[in-house]
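Worksheet: one structure, shown below.
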Amino acid sequence: MSAPEKVRPGRRAATAREPRLTDGDGRRVRPGELLWRYLLLLAVLALTTGPFLWQLATSLKGPTEDIYGSPPRLLPAHPTLHNYARVADTIPVWDYALNSLKVAAANVVTNCAGSALAGYALARLRYRGRRATTLVFVLAMLVPVEGIVIAQFTTMRELGLNNTLIGVVLPGAVGAMNVLLMRGAFRALPYEIEEAAYADGANVWQRFLRIALPSVKGTLAVVAIFAFMGAWDDFLWPLIVLSDPSKFTLTIGLNYLHGTFANDERLVAAGTVIAVAPLIALFACLQRYFFRGVGEGAVKG
C-alpha cells in the first residue's frame with residue numbers, strides 16, 4: 001500500500017476546504033453581513049408586499065370575521081369569494097375593466113410603435129437638430145401632468161373627443177421616457193451590423209424591422225409594461241375627460257365604490273384586488289423580458 005499523501009503544515013487538504021461566501025464582484029462576504037442583507041431584503045419585501053397581502057386577506061374574509069382584531073390575523077378563518085360577487089352586483093365592474101383594458105391595450109400598441117420609431121430615429125439616423133430633439137424629450141419628462149392637463153382638456157374638446165376612450169388614450173399615446181428607453185437600447189447595438197445590411201442594399205425600414213427591432217425585445221417589453229401600468233392606473237385624466245358612466249375606467253368606478261361603501265372594507269379590498277390582478281398577470285408573463293431589458297443591446301450571431 002502506498003503511503004498517504006502528506007499535507008504541509010498550515011495548509012488544509014483540498015477536500016476539507018471550507019466554502020467561501022462571495023458576492024457578485026467576488027468579494028468575500030462574512031456570515032454576519034450576509035445575515036443583515038437577508039434581514040434588509042425581508043424588511044423591504046414586507047413593506048412592498050405587505051399592504052397587498054393584507055388587502056387580499058381582507059377581501060377573502062366573511063362578514064363575521066373581525067378585520068380589526070388584535071393581534072391582526074392575515075389568514076382568513078373561513079375564506080369566501082362572496083365579496084367579489086358583491087362588487088359585481090354593486091357596480092358594473094366588468095364593464096369598467098373592459099374599458100380600462102381597451103385603453104391600456106391601445107396605449108401599449110401606440111407606445112411600443114411610436115417609441116420604437118422615435119427611438120430608432122434619435123439613435124441611428126443622421127439629421128440636423130437630432131440633439132435638440134433629444135433634449136426636448138428629456139425636458140418633457142420634467143413637466144408635471146397637472147401643469148398641462150387644462151391644455152390637454154381644451155385640445156380634446158376642440159377635437160370633439162371629450163367623453164370618449166380615444167380622448168383618454170391620445171395624451172399618453174407616446175411617452176417621453178419610453179422614447180428615451182428605446183433610444184438607449186438602439187444606441188447599444190453595434191453599427192457594423194447595420195453597415196453590413198446597408199452594403200447589401202437594405203433600406204432604412206428593412207434595417208429597422210429586420211435587424212434593430214428584433215434585437216431590443218427586452219426593452220420593448222419594458223415599454224409595454226410601463227405603458228400598460230400607466231394607462232391602467234391612471235385616475236386624474238379619465239376623471240376629467242369622461243362624464244358618461246358607461247365609459248368609466250376601472251379606477252374611476254372603484255373610486256365610486258370606495259366613496260359609497262367606505263365603511264365596508266371587505267368590499268373595497270375586493271375591488272382593489274380586481275384592479276391589481278391584471279398588472280400582476282402581465283408582469284408574470286413578461287418578467288424575463290423585463291429584467292433582460294436592463295442590459296439590452298446584445299445581437300445574436
Side-chain angles (χ1 to χ4, degrees), residues 24 103-145 147-148 151-152 155 159 166 168-234 237 279 282-301:
V103 172
N107 207 11
V108 168
V109 173
T110 56
N111 269 277
C112 288
S115 299
L117 291 171
Y120 184 81
L122 293 175
R124 314 300 279 191
L125 302 184
R126 297 290 183 267
Y127 55 92
R128 183 177 300 177
R130 186 179 63 166
R131 294 184 179 180
T133 306
T134 304
L135 181 61
V136 169
F137 280 100
V138 175
L139 295 177
M141 296 177 58
L142 305 179
V143 179
V145 178
I148 60 176
Q152 289 180 351
T155 303
L159 294 175
I166 298 178
V168 179
V169 174
L170 278 183
V174 180
M177 184 182 69
N178 295 331
V179 172
L180 295 178
L181 284 175
M182 295 304 300
R183 173 183 177 272
F186 284 126
R187 282 179 61 89
L189 300 178
Y191 280 93
E192 291 78 9
I193 303 297
E194 287 195 49
E195 290 176 354
Y198 179 77
D200 291 338
N203 57 33
V204 63
W205 283 105
Q206 291 173 334
R207 299 198 302 269
F208 170 71
L209 294 174
R210 299 182 181 180
I211 298 177
L213 196 60
S215 302
V216 294
K217 292 180 180 179
T219 307
L220 206 60
V222 174
V223 171
I225 292 176
F226 285 168
F228 189 92
M229 291 179 60
W232 187 270
D233 293 336
D234 192 14
W237 177 244
L279 299 179
L282 177 69
F283 186 79
C285 295
L286 299 180
Q287 61 174 336
R288 62 191 185 103
Y289 297 105
F290 180 83
F291 292 112
R292 193 180 70 181
V294 178
E296 192 71 84
V299 178
K300 296 181 179 180

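This one's a predicted model, so the numbers in the text were calculated from it and none came from an experiment.
Shortest non-hydrogen contact noted between F137 and L180 is CB-CD2, 4.0 Å. T133 and G129 get closest at one heavy-atom pair: OG1-O, 2.8 Å. Closest heavy-atom contact between I211 and A197: CD1-CB, 3.2 Å. For A185 against T219, the heavy-atom pair with the smallest separation is CB-OG1, 3.4 Å. Across every non-hydrogen atom of M141 and A176, the tightest pair is CG-CB, 3.8 Å.
Using cut-offs of 30° and 60° for the angle between ring planes, the W205 and F208 rings count as perpendicular.
Using a 4.5 Å heavy-atom threshold, the side chains of V136 and L139 count as separate. In this structure, the side chains of L279 and W232 come closer than 4.5 Å at one or more pairs of heavy atoms. Side-chain contact between L220 and M182 is present, with heavy atoms from C-beta onward closer than 4.5 Å.
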Run D234 and V103 through side chain to side chain contact (heavy atoms under 4.5 Å, CB included) and show every step you take. CA-CA 10 Å; D234 192 14; V103 172; over 6 Å; no
So T134 and V179, side chain to side chain contact (heavy atoms under 4.5 Å, CB included) or not? Walk me through it. CA-CA 9 Å; T134 304; V179 172; over 6 Å; no
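Taking a 6.0 Å sphere around CZ of R210, one finds it holds 12 or fewer heavy atoms contributed by other residues, nucleotides or ligands. No more than 12 heavy atoms of other residues, nucleotides or ligands sit less than 6.0 Å from atom CD1 of I166.
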Quick one: side chains of residues 114-125, donor-acceptor pairs under 3.5 Å with protein atoms, not counting sequence neighbours, listed by atom name and distance.
residue, atom, partner, partner atom, Å
S115, OG, N111, O, 2.7
Y120, OH, E194, OE1, 2.7
R124, NE, E194, OE2, 2.8
R124, NH1, F186, O, 2.8
R124, NH1, L189, O, 3.1
R124, NH2, E194, OE2, 3.1

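Between the OG1 atom of T155 and the CG atom of L170 there is a distance of 10.0 Å, given to the nearest 0.5 Å. Here CD of Q152 is found 5.0 Å from CH2 of W237. Values are rounded to the nearest 0.5 Å.
In this structure a side-chain-to-backbone donor-acceptor pair under 3.5 Å is missing from R207 to A212.
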